[in-house]
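To start, the structure under review is shown below, and the notes come after it.
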Amino acid sequence: MGELRPLGDDLNDASRALAEALRELFEGLHLSVRRYAARRRLDPGAVSRYLNGTRLPPWQVISDLFADVAELHGTAVTTEAIELVRGLYGSAVDAASSPKHAVEILEQQLADADHVSRRSSVRGDVLGDALLDRTQRIADLETRLNQLEADRIAEQKRADELAQAHPDVSGLLQERNALQLDVERLGAALREAQDQRAAAEGRCDLLERQLDAVEQATAAALPSGPQDMPKILIVDNQPDNLLAMTAVLATLDQELVTVSSGREALKALLDFDDFAVIIMDVQMPEMDGYETCAHIKRRPRNRDVPIIFLTAMGIGSEHSARGYAAGAVDYISKPFDPWALRAKVAVFTSIYLERHSQ
């Protein structure tokens with residue numbers, strides 16, 4: 001594990017070129033793989049695979065390597081060298097991705113959305129049955145109360161006086177009131193389940209369109225012919241992420257507006273009103289993606305612009321549920337798949353153009 005392993009077998013040209021560039025940088029440190037991994041608190045096996053081309057490293061690993069080389073030699077790494085490696089990295093990311101991988105990502109998201117839809121549907125049925133039961137019981141109690149009132153205390157009209165005079169009636173009133181509160185609670189829960197199912201069904205439709213876009217080579221999902229193409233807003237506080245997304249989305253031939261904070265995003269939405277979609281990092285200082293999304297959704301002018309959350313925290317149910325509650329309509333995890341990201345943006349652009357052509 002101390003020495004560099006040979007380059008991996010069957011590497012594509014882009015992965016081989018990046019690995020060779022990284023090996024050249026690493027060899028300038030005159031360290032073993034194990035020692036460098038310990039310095040940077042990395043797994044030695046992972047570092048070895050980064051350097052033999054069989055695994056694509058996060059860009060932060062490459063940035064740290066540049067910093068270590070600069071520290072050793074006492075001079076900054078040139079901009080040209082950084083841009084060269086950045087270009088090699090972008091090519092390797094694209095080469096490592098494939099329509100097949102993007103389809104796997106989108107199909108998993110589709111399965112998750114379908115599960116939420118089915119679970120919400122079942123919950124809605126249970127709540128609906130419970131609500132019907134409570135409503136029928138209230139109707140029965142109302143009938144019994146009316147009969148008692150007519151037969152025994154026709155002269156009394158106020159419920160509190162009725163309760164004091166007849167303890168048995170008081171119990172019926174308490175039961176009715178408790179059931180009415182239960183009906184209100186069940187009604188709210190039922191509406192929530194119905195809204196959740198409708199949202200999940202909407203996500204299923206979106207994801208099926210995204211899968212079609214991948215199968216049609218993504219860009220083909222955009223309408224042909226002369227059009228005033230809408231803009232794409234990208235929000236991320238990491239310059240490297242902005243550059244990577246810009247490179248991936250450049251093939252869609254749309255104007256990309258990049259900003260590095262939630263506040264800048266809000267300003268951009270005041271300056272322009274033709275965004276097809278917003279891609280927003282969740283983890284940002286000062287104003288994170290959730291808070292920024294909430295601000296956007298409070299503005300009538302922008303509330304209908306779809307937001308895709310970009311997250312490095314995983315796409316488990318907790319994070320995705322919080323994102324949907326904040327107003328996002330889609331999400332993608334880091335490191336993002338270029339094909340999947342292009343498909344998502346292409347579909348939202350098509351939806352924008354469909355709506356504005358009517």
Side-chain angles (χ1 to χ4, degrees), residues 102-144 172-213 277-280 282-283 288-298 303-333 340 343-344 347-348 351 355:
V103 166
E104 290 173 356
I105 292 172
L106 296 175
E107 284 181 341
Q108 182 58 56
Q109 289 188 334
L110 179 59
D112 292 342
D114 179 68
H115 175 70
V116 172
S117 176
R118 288 185 289 111
R119 185 180 61 192
S120 302
S121 181
V122 171
R123 182 166 178 256
D125 290 342
V126 172
L127 289 168
D129 290 342
L131 188 60
L132 180 62
D133 172 70
R134 304 305 192 276
T135 303
Q136 290 174 341
R137 287 167 62 184
I138 287 175
D140 179 62
L141 285 170
E142 292 285 5
T143 300
R144 292 166 62 189
L172 292 176
L173 288 169
Q174 290 176 0
E175 185 179 356
R176 182 198 63 184
N177 293 340
L179 285 170
Q180 287 175 336
L181 290 174
D182 216 17
V183 164
E184 292 178 8
R185 179 184 62 80
L186 288 168
L190 178 59
R191 289 190 294 274
E192 180 184 354
Q194 290 170 338
D195 290 344
Q196 192 175 55
R197 182 177 186 278
E201 283 294 307
R203 290 195 292 275
C204 286
D205 291 341
L206 277 173
L207 287 160
E208 288 189 88
R209 290 187 63 165
Q210 291 167 13
L211 283 163
D212 288 341
V277 64
I278 302 168
I279 305 168
M280 186 179 305
V282 170
Q283 292 180 296
D288 65 14
Y290 299 121
E291 185 179 356
T292 305
C293 184
H295 279 295
I296 292 171
K297 294 304 175 182
R298 282 197 290 267
R303 64 166 56 120
D304 294 329
V305 182
I307 297 173
I308 302 174
F309 270 158
L310 184 66
T311 174
M313 298 184 293
I315 52 177
S317 57
E318 178 184 349
H319 295 302
S320 60
R322 185 180 177 190
Y324 294 139
V329 297
D330 206 346
Y331 59 86
I332 191 166
S333 62
K344 290 179 181 294
V347 167
F348 284 118
I351 291 172
R355 288 175 177 170

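These figures come from a predicted structure and were not determined experimentally.
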If we only count heavy atoms from C-beta on, is the R203 to L110 side-chain gap below 4.5 Å?
no
Nearest heavy-atom neighbours spanning V305 and K297:
O-NZ, 3.0 Å
A side-chain contact here means heavy atoms from C-beta on lying under 4.5 Å apart; do Q109 and Y331 qualify?
yes
Rounded to the nearest 0.5 Å, what's the gap from CG on D304 to CD1 on I296? Could you check?
12.5 Å
Once you round to the nearest 0.5 Å, how far does OG1 of T311 lie from OH of Y290?
6.0 Å
When L186 is tested against each of L131, L132, L181, D133 for side chain to side chain contact (heavy atoms under 4.5 Å, CB included), which residue passes?
L131
Inter-residue atom distance C293.SG - R298.CZ, 0.5 Å rounding
10.0 Å
R119 versus V116: any side-chain heavy-atom pair under 4.5 Å?
yes
According to side-chain hydrogen bond (donor to acceptor under 3.5 Å, both in side chains), who are the partners of H115, at least two apart in sequence or on a separate chain?
none
Keeping to residues at least two apart or across chains, list the salt bridge (Lys or Arg N to Asp or Glu O under 4.0 Å) pairs with something in residues 181-194.
R134-D182, D182-R185
I'd like to check D288 versus V282 (side-chain heavy atoms, cut-off strictly below 4.5 Å). Are they in contact?
no
Taking all non-hydrogen atoms of both residues, which atom of A193 and which atom of S120 are closest, and how far apart?
O-CB, 3.6 Å
dist E208:CD -> Q210:CD (nearest 0.5 Å) comes out at 10.5 Å
Any idea which heavy atoms bring L190 and G124 closest together, and the distance?
CD1-O, 3.3 Å
Distance, nearest 0.5 Å, that separates CD1 of I278 from CZ of F309
10.0 Å
When rounded to the nearest 0.5 Å, the distance separating CD of E142 from CG of L173 is 8.5 Å
Got K344 and I279 here, is their nearest side-chain heavy-atom distance under 4.5 Å?
no
Do D112 and Q108 get their side chains close enough for a donor-acceptor pair, meaning under 3.5 Å?
yes
When every non-hydrogen atom of Y324 is compared with those of D330, the smallest separation belongs to CE2-N, 4.1 Å
Summary of side-chain hydrogen bond (donor to acceptor under 3.5 Å, both in side chains) pairs that have at least one residue in residues 121-132, sequence neighbours excluded
none
Run the numbers on V329 and V277 for side chain to side chain contact (heavy atoms under 4.5 Å, CB included), then give the verdict.
CA-CA 10 Å; V329 297; V277 64; over 6 Å; no
For residues M280 and G289, report the shortest heavy-atom separation together with the two atoms involved.
SD-O, 3.5 Å
Checking side chain to side chain contact (heavy atoms under 4.5 Å, CB included) between L207 and each of V347, D114, L106, I105, which is the one that passes?
L106
What I'd like to find out is whether the side chain of L179 reaches to under 4.5 Å of the side chain of E175, using heavy atoms alone.
yes
Please name the pair of heavy atoms, one in A340 and one in I332, separated by the smallest distance, quoted to 0.1 Å.
CB-CD1, 4.0 Å
